[in-house]
Engineer: 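Sharing a structure, written as structure tokens. Questions coming.
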Amino acid sequence: MIAEIGPLGPEEREARLRSLGGPEPRPVRPPRSTSGDETSQDLPDLPGAEKGRVTLRFAPFPSGALHVGHARAIFLNDTYRQRYDGRFFLVFDDTVGSAEKRPTLDSYDLILEDFELAGVKLSKIYYKSDRLPEYYRHLPPLLQTGSAYVCLCPAELLRHRREAREACPERDREARWQLEAWEGMLSGRYGEGEAVVRLKTDLNHPNPAFRDRVLFRISNLDHPRVGQRYRVWPLLEFSWAVDDVELGITHVLRGKDLVMEDEMEQALWKAWGWTGPRFAHFGLLRIREAKLSKSKFQREIASGVFDGWADPRTWSLRSLWRRGIRPEAVRQFILSFGLSLADIEVPAETLYAMNRHLIDPTTPRRAFVPEPVPVKVMGDPLGPRAVALANHPEHPEMGERTLQVEDSFYLPGRDVAAHRGEEVRLKDLLNVRLPPAGGPGPLLAEFTSQPNKPLPRLQWVPMGEAVPVSVLGIEHQRTEGFGEGDLARAPEGSLFQFERFGFVRADALPTSPGEPRRFFFAHP
RNA sequence: GCUCCCGUAGUCUAGUGGUCAAGGAUAGAGGCCUCUCGAGCCUCUGACGCGGGUUCAAAUCCCGCCGGGAGCACCA
């Protein structure tokens, strides 16, 4: 019997099974994803998620603008929020930090603005620095039950004992002493580094970091929002263990670098007898071209080497928005990676391709002439005239613009140098022969014909209406040149494709005459 | 070193025992189209890390190995 079924094709086998009264054929597999615009459909469901009953959160440390790494958390959370018609909180993870890692006041607005520009709606915004009383309130029960204790070891000794799997003398002191010592911490009896609160876990835990982890410590650092109102600060795991439950979070989506925190939060919930949200993780995402170093950026911005957080070299989200990379492209880009645990490194090219698909159909074309050289066309029989050019070659409904053409133009220096003595076409206009060598003054090119011919095509700008244009590149280098007249009036934020150059986004209008019109380069 | 995670084309991803002689994207090659070095259309190149096992059947399950990553603070 088995030997008989083996060689059958799948359909025959299915039919045969049915005729034998076998099990129902399994349902047809859903069609495969066949398009590149990955959507939320490719993401797995969140465990135990019910429509209308999902609350998610994103918890950035406010020390600068959001970068592409954050985008993964943000768009994943937002996508699930939409899928389940849930809520999405922003919780500023602004405990006092450390000497090397400190919150900065301007970061709060930067982050809020980044969300707005990303088009991600927030249901509510919290600040951990407002919630210290909540954290304080939940510690005494742990002291009471012996789940946590006040440790008076200096940092060095603490580390050493942890390494040696050794308990410190305070570990087993009675609850009364613990509560009293905690009051002492709050009232200032101990100085910075003199006392911490630790969770009582397994001193033999294979990972030393788990062995009686520190929950609270004393810090005299000034906090940008609350100054020195508090001296006792919780560490990340403690504050999260409280907030994730108190704020009603149902699912925590966090980077894989934070998996250890799951276990710590769970240990605390167990001590309190609470049930917390579920966790899901995603691997670390890196854009190949992006060399990320937040502290370096902070320095370079402070010293003026970098042009703020929107400097393209930071690869911050706002730097992408400024270049004309649409949040929607970043969202697609992010969602295409799914919820994978693998750490990935992706070339920016992939993001560019998505953005290009997105903006190409609606982005008007313009001529931009880099490294311009003046050229005078001799013998054009048509004389001065107005020339109408389509804004988009494939979309006539996008209209056209009109250029006043006389005999003087700017042409791209590199193209002119490459085609000395040759015939070239000024795209959409006429054909000329370039002189073999230049003398003083404008190059004199000779008109050859008007109709289109298969010649090298150069972009051009009539000298009479050339607008100085400066394009800021991805490495913050500038390309200077001339552009078409109406670029001078293009509103900030408008996108163009500079033909044979790339996609750009217009910066603010110049504030003083004589300044070039500035653009940001998005990608080829 | 310890703990955890991950291995599908150059890169990213689909795939959860049979419809996979492995799908898509991006990159690359060629062609068509186009008055842009853009877009579009067509074709092609290219992958299940290795070795065992389970099974009629393995990219998919198990074991081992190899390779890669992350974490190991009184930072977040």
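Just so it is clear, the structure is predicted and the values come from calculations on it, not from any experiment. The basis for the numbers below is simple: all heavy atoms, side chains too, and nothing from hydrogens, waters or symmetry mates. Chain letters run A, B, ... following the sequence lines, proteins first, then strands; residues in each count from 1.
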Engineer: So which nucleotide does B:G10 pair with, by the Watson-Crick or G-U wobble rule with both distances under 3.5 Å?
Structural biologist: B:U26
Engineer: Can you check the distance between B:U60 and B:C6, where both ends of the measurement are the P atom (answer in whole Å)?
Structural biologist: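 Per the computed distance, 15 Å lies between those P atoms.
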Engineer: What is the base-pairing partner of B:U34, counting Watson-Crick and G-U wobble geometry with both distances under 3.5 Å?
Structural biologist: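 Check on B:U34: unpaired, no WC or wobble geometry under 3.5 Å.
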Engineer: More than 12 heavy atoms of other residues, nucleotides or ligands under 6.0 Å from CZ of A:Arg231: is that the case?
Structural biologist: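 Result for CZ/A:Arg231: enclosed.
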Engineer: Would you say the ring centers of A:Phe58 and A:Phe89 fall short of 6.0 Å from each other?
Structural biologist: no
Engineer: Does the B:A39 base have a donor-acceptor partner in the side chain of A:Gln497 within less than 3.5 Å?
Structural biologist: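 Checked by distance alone, the answer is no.
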Engineer: Watson-Crick or G-U wobble partner for B:C20, using a 3.5 Å limit on both distances?
Structural biologist: none
Engineer: Between the side-chain atoms of A:Glu349 and the base atoms of B:G10, is any donor-acceptor pair under 3.5 Å?
Structural biologist: no
Engineer: Given atom NE2 of A:His70 and atom P of B:A76, what is their separation to the nearest angstrom?
Structural biologist: 14 Å
Engineer: Under 4.0 Å, heavy atoms only, any strand: does A:Asp428 hit a base, just the sugar-phosphate, or nothing?
Structural biologist: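 Base contact.
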Engineer: Between B:A59 and B:U8, how far is it from one C1' atom to the other, in whole Å?
Structural biologist: 7 Å
Engineer: Of the listed nucleotides (B:G38, B:U11, B:C74), which one gets closest to any side-chain atom of A:Arg159?
Structural biologist: B:C74
Engineer: Side chain of A:Arg356 only, heavy atoms from C-beta on: which candidate in B:A39, B:C72, B:A76 is closest?
Structural biologist: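 Side chain of A:Arg356 sits closest to B:A39.
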Engineer: Where do A:Gly64 and A:Ser107 come nearest, in terms of heavy atoms and distance?
Structural biologist: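 Closest heavy-atom pair between A:Gly64 and A:Ser107: N-OG, 2.8 Å.
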Engineer: Please pick, from B:C5, B:G38, B:C74, the nucleotide with the shortest atom-to-atom distance to any side-chain atom of A:Arg162.
Structural biologist: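 It is B:C74.
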Engineer: Kindly say whether, by distance alone, the side chain of A:Arg457 makes a donor-acceptor pair under 3.5 Å with the base of B:U36?
Structural biologist: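 When only heavy-atom distances are counted, A:Arg457 does not reach the base of B:U36 through any donor-acceptor pair under 3.5 Å.
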Engineer: Looking at every strand, decide which applies to A:Pro154 at a 4.0 Å heavy-atom threshold: base, sugar-phosphate, or nothing.
Structural biologist: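 Here A:Pro154 touches the bases of the nucleic acid.
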Engineer: Is the base of B:C75 touched by the side chain of A:Lys101 through a donor-acceptor pair closer than 3.5 angstrom?
Structural biologist: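 Such a pair is found, so the answer is yes.
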Engineer: Looking at A:Ser129 and A:Val226, what are the two nearest heavy atoms and their distance?
Structural biologist: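 For A:Ser129 and A:Val226, the tightest heavy-atom pair comes out as O-CG1, 3.7 Å.
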Engineer: B:U13 P sits how many Å from A:Arg72 CZ, rounded?
Structural biologist: 7 Å
Engineer: If we check ring pair (Phe, Tyr, Trp, His ring centres under 6.0 Å) with A:Phe519, which of these qualifies: A:Phe498, A:Phe368, A:Phe501?
Structural biologist: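 Single pass found, and it is A:Phe498.
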Engineer: Separation of A:His392 atom NE2 from B:U34 atom P, in whole Å?
Structural biologist: 16 Å
Engineer: Choose from B:U11, B:A70, B:U26 the nucleotide whose nearest atom is closest to any side-chain atom of A:Arg288.
Structural biologist: B:U11
Engineer: Taking all heavy atoms of A:Pro44 and all of A:Tyr80, pick out the closest pair and write down the distance.
Structural biologist: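 The answer is O-OH, 2.7 Å.
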Engineer: With the side chain of A:Arg217 defined as its heavy atoms from C-beta on, choose the nearest nucleotide among B:C74, B:U11, B:A70.
Structural biologist: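 Nearest to the side-chain atoms of A:Arg217, counting from C-beta on, is B:C74.
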Engineer: It should be established whether A:Thr95 places a side-chain nitrogen or oxygen under 4.0 Å from OP1 or OP2 of nucleotide B:A76.
Structural biologist: yes
Engineer: Please report the distance, rounded to the nearest Å, between CZ in A:Arg254 and P in B:A76.
Structural biologist: 13 Å
Engineer: By the 4.0 Å heavy-atom rule, please label A:Leu235 as base, sugar-phosphate, or nothing.
Structural biologist: sugar-phosphate
Engineer: Considering every strand and a 4.0 Å limit on heavy-atom distances, what is the contact class for A:Phe501: base, sugar-phosphate, or nothing?
Structural biologist: nothing
Engineer: Counting only Watson-Crick pairs (N1-N3 plus N6-O4 or O6-N4) and G-U wobbles (N1-O2, O6-N3), all under 3.5 Å, who is the partner of B:G71?
Structural biologist: B:C2
Engineer: Taking the nucleotide of RNA chain B with the nearest heavy atom to each, does A:Leu284 or A:Ala342 sit closer to the 5' end?
Structural biologist: A:Ala342
Engineer: Considering only atom P, compute the distance from B:C44 to B:G23 and round it to an integer number of Å.
Structural biologist: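 After rounding to an integer number of Å, I get 12 Å for this pair.
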Engineer: Using atom P in both nucleotides, what's the gap between B:A21 and B:A27 to the nearest angstrom?
Structural biologist: 29 Å
Engineer: Can you tell me the distance, in whole Å, between the CZ atom of A:Arg425 and the C1' atom of B:U36?
Structural biologist: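 Those two atoms, CZ and C1', are 13 Å apart.
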Engineer: Looking at B:A47, which nucleotide sits across from it as a Watson-Crick or G-U wobble partner, both distances under 3.5 angstrom, or is there none?
Structural biologist: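 By the stated definition (distances under 3.5 Å), nothing pairs with B:A47.
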Engineer: Can you check whether A:His357 has a side-chain N or O nearer than 4.0 Å to OP1 or OP2 of B:G40?
Structural biologist: yes
Engineer: How close or far is atom C1' of B:A70 from atom CD1 of A:Ile344, stated in whole angstroms?
Structural biologist: 14 Å
Engineer: Closest nucleotide of RNA chain B for A:Glu345 versus for A:Phe210: which of these residues is on the 5' side?
Structural biologist: A:Phe210
Engineer: Please report the distance, rounded to the nearest Å, between CG in A:Asp212 and P in B:C74.
Structural biologist: 12 Å
Engineer: Considering every strand and a 4.0 Å limit on heavy-atom distances, what is the contact class for A:Val214: base, sugar-phosphate, or nothing?
Structural biologist: sugar-phosphate
Engineer: What's the closest nucleotide to the A:Asp93 side chain, out of B:A73, B:G38, B:A76?
Structural biologist: B:A76
Engineer: Taking atom C1' in both B:C48 and B:C20, what distance in whole Å separates the two?
Structural biologist: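 It works out to 10 Å between them.
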Engineer: What do you reckon, is CZ of A:Arg326 surrounded by more than 12 foreign heavy atoms closer than 6.0 Å?
Structural biologist: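 Incorrect, the count does not exceed 12.
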Engineer: How far does the P atom of B:A47 sit from the matching atom of B:U36, given to the nearest Å?
Structural biologist: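 It comes out at 36 Å once rounded to the nearest Å.
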Engineer: Could you tell me the separation between the CZ atom of A:Arg57 and the P atom of B:A76, rounded to a whole number of Å?
Structural biologist: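 Checked: the CZ to P distance equals 14 Å.
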Engineer: Considering only B:C2, B:C35, B:A70, which nucleotide approaches the side chain of A:Pro206 most closely?
Structural biologist: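 In terms of side-chain proximity for A:Pro206, the closest of B:C2, B:C35, B:A70 is B:C2.
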Engineer: Classify A:Gly338 by what it touches in the nucleic acid, base, sugar-phosphate, or nothing, heavy-atom distance under 4.0 Å.
Structural biologist: nothing
Engineer: Any side-chain N or O of A:Ser340 less than 4.0 Å from the OP1 or OP2 oxygen of B:U13?
Structural biologist: yes
Engineer: Distance check, C1' atoms only: B:G46 and B:U13, in whole angstrom units.
Structural biologist: 15 Å
Engineer: Would the number of heavy atoms belonging to other residues, nucleotides or ligands and lying under 6.0 Å from NE2 of A:His160 be above 12?
Structural biologist: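 Count not over threshold, so no.
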Engineer: Select one nucleotide: of B:C74, B:G71, B:A27, the one nearest the side-chain heavy atoms of A:Ala353.
Structural biologist: B:A27
Engineer: Centres of the A:Phe216 and A:Phe238 rings: under 6.0 Å?
Structural biologist: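 Ring centres of A:Phe238 and A:Phe216 closer than 6.0 Å.
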Engineer: Tell me which nucleotide among B:A76, B:U11, B:C35 gets nearest to the side chain of A:Pro347.
Structural biologist: B:U11
Engineer: Can you see which heavy atom on A:Val232 is nearest to which on A:Tyr136, and at what distance?
Structural biologist: O-OH, 2.6 Å
Engineer: Between B:U45 and B:G28, how far apart are the C1' atoms? Round to whole Å, please.
Structural biologist: 8 Å
Engineer: Which of the following nucleotides, B:G40, B:A76, B:U36, is nearest to the side chain of A:Glu499?
Structural biologist: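 When the side chain of A:Glu499 is considered, B:U36 is the closest of B:G40, B:A76, B:U36.
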Engineer: Pick base, sugar-phosphate or nothing for A:Asp94, based on heavy-atom distances below 4.0 Å to the nucleic acid.
Structural biologist: nothing
